[in-house]
Amino acid sequence: MIKASVCTIGDEILIGQIIDTNTALISSKLNEAGIRISRKVSIGDDPATIKSFLKEELENNDIVITTGGLGPTGDDLTKQSLFELTGATAWLCSEEQAAVNREILHSRGLDTLMTNTAQAMYPDSGEVIVNRVGTAPILVFRLKSELFPNKPTLYAMPGVPHETATALTDVLDDIKHHFNLPSICHKSIMTYGMAESALEQRINPWVKTLDEDMHLAYLPNTLTGVKLRLSIYGAADRNEALSRIETRFAELHSLLGNIIYSDGESNLESVVGKLLAKRGETLSIAESCTGGEISHLITTVAGSSAYYLGSVTSYAIPVKEKLLSVKDDTILRNGVVSSAVAVEMAEGVRNLTGSTYSLATTGWADSYGDEHEPAGTVWIAVSGPAGSVSRRAVYHNDRKRNIERFAATALNMLRLYILGDI
C-alpha cells in the first residue's frame, strides 16, 4: 500500500496560534484514495529543521505533502529549503502563476510587489501546479534515485486553509495519474440520536456478518452525529462492490429506523431543508441559549430562502415576553429553562412569522443553572400543524460544544416532527 506523510510547516502552528485544519483534511482525502498515512509532522520555521525532517519523511514514504511556508514574507522558508533539499541548481518563473498573481492583486486594488513576483519562482528540480485562488503555487518534486533510492514525490502546498482545500483536488488528480492506487469503494450513512457506543452495541450482530473485505468505521461528530462508513478495499469490480455495500446498508434501516437521517454524507440542516422544500413548507426559529447557531446552520444551505422565514434571538427575558409573547407567569412558575417556556417561544415565533413549523431553544450552555435545571440543560420545542411538542436534553461539555449539541439535537427533533415520528 502506498504510504504518505503529511507535514505542516510554521511556528504559528507549533505554538497554537493557528489551529491546524489542513492535516485532517489532507489525511482524510488521502485515506479515501487508498493511501496509508504513516505520520503527521509539524515543523517550525527553521531551514535546518525543515530539511532534516523532510529528508526523513521522504526516505520512509512514497508521498510527502507539506503545507505552509510558501508566502511572500521573510519567515516563509519552505521554498528555499526545498531548493536545497531536492538538488535544484536554478530558479525558474511560472508565467502562468505570475499572471494569476497579478490578476488577484489587481482585483484587490493592490500593486504587484517584488515579493509577489518572487512567489511565482520555483526550483528547477520541481514542477508547478498553478494555484488559482492564491499567489503561492503548488510545487511538485518527483525525486530521483540519486537523492532518494525509493524515488518519492513531494508536494508543497500553501498553508491558507481555503487554498489548501482547493489545491488538494489538483494534488489528488496528480497522485492518481502517477500512482497505481488500489480500488476503494466507500459509502456512508448518517445517524443522529444514539451514542457511538450504543450504536455499536445495537448493530454488532450485523457487523459480525460482514464479508471479510468489508470494513466499517464509526465517525462521530458533534453537529452531524455518527457517520457509519462501509468500505471495500482492492475490489476487482467497483460496481459489484458498491452494490454489495448498498445491500448491506439497506439492512441497517430495519435495525436503526429513523436514527438514520441520510443515505450519504448530508448534514442535518440540508436534510431538513430538503424536507421543507419538497413539501413547500416554511420554518421560523426562536433561539435563546443557542444564540443564532441554528439559524446560522439553516442559512448555510443554498436555497434556504425558499423555506426559511427568519428568527428571533430572544436571549433576554423581556425579548421573550415582548416579541414572542411568552407569559411572565409562565417563567415565574416554571423557570426560563423549561418545557412551557420553550413551547411558548415556538408558538410565539410561528404566530409572528406565519411559518408552517417553528423551532425554539432555551437552556443553560455552561456553568450557570437554576433551581429547576442544571448547567448543560436545553429544552427544545417544535410547533406545527400537529401541535407543539417539547423535549429535554442534558450535555456535559464546554459552552461551545454544548451550543453545538443543542443546535444539532434541535434540528434532528424538527426532522422527526416533520416526518411524523414525534
Side-chain angles (χ1 to χ4, degrees), residues 1-14 16-45 49-51 53-71 76-79 81-82 85-86 122 126-143 148 150 152-182 184 186 188 215 217 219-221 224 227 229 231 233 265:
M1 194 173 189
I2 294 168
K3 293 195 306 179
S5 172
V6 181
C7 307
T8 57
I9 299 175
D11 288 341
E12 66 276 9
I13 293 175
L14 287 178
Q17 189 175 23
I18 292 178
I19 297 173
D20 172 27
T21 58
N22 291 338
T23 299
L25 174 65
I26 295 168
S27 298
S28 66
K29 294 300 182 182
L30 290 178
N31 178 259
E32 288 177 8
I35 299 168
R36 184 168 70 85
I37 310 301
S38 67
R39 286 216 299 183
K40 299 178 182 179
V41 180
S42 289
I43 308 169
D45 288 315
T49 304
I50 293 172
K51 287 185 287 184
F53 271 86
L54 290 185
K55 182 176 183 294
E56 181 178 351
E57 298 309 301
L58 288 165
E59 289 172 343
N60 292 283
N61 291 278
D62 304 295
I63 296 169
V64 174
I65 296 180
T66 71
T67 66
L70 300 177
D76 292 306
L77 304 172
T78 299
K79 196 153 58 172
S81 299
L82 296 179
L85 179 65
T86 60
Y122 67 98
E127 309 166 16
V128 163
I129 297 175
V130 176
N131 180 358
R132 301 288 176 185
V133 295
T135 55
I138 301 101
L139 305 179
V140 185
F141 300 89
R142 307 186 202 283
L143 298 167
F148 297 92
N150 56 323
T153 299
L154 170 64
Y155 296 91
M157 299 199 299
V160 181
H162 82 273
E163 293 184 33
T164 300
T166 302
L168 187 55
T169 299
D170 294 325
V171 168
L172 287 170
D173 286 343
D174 189 86
I175 290 172
K176 291 171 184 177
H177 181 72
H178 287 89
F179 288 84
N180 184 22
L181 301 180
I184 298 180
H186 293 295
S188 299
H215 305 273
L219 306 168
N221 180 281
T224 58
K227 179 196 300 183
R229 188 181 68 203
S231 306
Y233 294 88
E265 299 196 17

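Here the structure is a predicted model, which is why all the values come from computation and not from measurement.
- Shortest non-hydrogen contact noted between L30 and A4 is CD1-CB, 4.0 Å.
- In this structure the side chain of D11 never reaches within 4.5 angstrom of the side chain of Q17, judged on heavy atoms.
- Atom CE in M1 sits 8.0 Å away from atom CD1 in I35 (nearest 0.5 Å).
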- Task: Kindly determine whether L168 and M157 satisfy side-chain contact (heavy atoms from CB on, under 4.5 Å), including the steps that lead there.
- Result: CA-CA 8 Å; L168 187 55; M157 299 199 299; 4.3 Å; yes
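- Of the possible polar contacts, none joining the T78 side chain to the L70 backbone as a donor-acceptor pair under 3.5 Å is found.
- Side chain to side chain, S38 and S5 fail the donor-acceptor criterion of an N or O pair below 3.5 Å.
- Annotation: the span from N61 atom CG to R36 atom CZ amounts to 8.5 Å, rounded to 0.5 Å.
- Using a 4.5 Å cut-off on side-chain heavy atoms (C-beta onward), E56 and R39 make contact.
- I26 places none of its side-chain heavy atoms less than 4.5 Å from the side chain of K40.
- Here the straight-line distance linking atom OG1 of T8 with atom CD1 of I18 works out to 10.5 Å at 0.5 Å rounding.
- Atom CD1 of I129 and atom OH of Y155 lie 6.5 Å apart (nearest 0.5 Å).
- Rounded to the nearest 0.5 angstrom, I175 CD1 and D170 CG are separated by 11.0 Å.
- In this structure, L77 and S81 approach most closely via the heavy-atom pair O-OG, 2.9 Å.
- With contacts defined as side-chain heavy-atom distances shorter than 4.5 Å, the pair L58/F141 does not qualify.
- Distance NZ/K3 to CD1/I37: 11.5 Å, rounded to 0.5 Å.
- Between L139 and K79, the closest side-chain pair of non-hydrogen atoms falls below 4.5 Å.
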- Please assess N131 against E163 for the test side-chain contact (heavy atoms from CB on, under 4.5 Å), listing each intermediate value before the final yes or no. CA-CA 8 Å; N131 180 358; E163 293 184 33; 2.9 Å; yes
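- By the neighbour-count criterion of 12 heavy atoms within 6.0 Å, atom NE2 of H162 is densely surrounded, having more than that number from other residues, nucleotides or ligands.
- Put simply, the side chain of E32 does not reach to within 4.5 Å of the side chain of I184, judged on heavy atoms.
- Proximity of D174 to I138: side-chain heavy atoms (C-beta onward) are nowhere separated by under 4.5 Å.
- Nearest approach of D45 to E12, heavy atoms of both residues: OD2-OE1, 3.9 Å.
- Within 6.0 Å of atom CZ in F148, more than 12 heavy atoms from other residues, nucleotides or ligands are found, so the atom counts as buried in its surroundings.
- Taking each heavy atom of P158 and T67 in turn, the nearest pair found is O-CB, 3.9 Å.
- Of all non-hydrogen atoms in I63 and I65, the two that sit nearest each other are CG2-CG1, 3.9 Å.
- Looking at N22, its side chain does come within 3.5 Å of a backbone N or O of G159 through a donor-acceptor pair.
- V64 pairs in a side-chain contact (heavy atoms from CB on, under 4.5 Å) with only one of the listed residues (L54, T153, V6), which is L54.
- You'll find the side chain of T66 stays beyond 4.5 Å of the side chain of I50, heavy atoms only.
- Here the closest heavy-atom approach between residue L82 and residue T86 is recorded as O-OG1, 2.6 Å.
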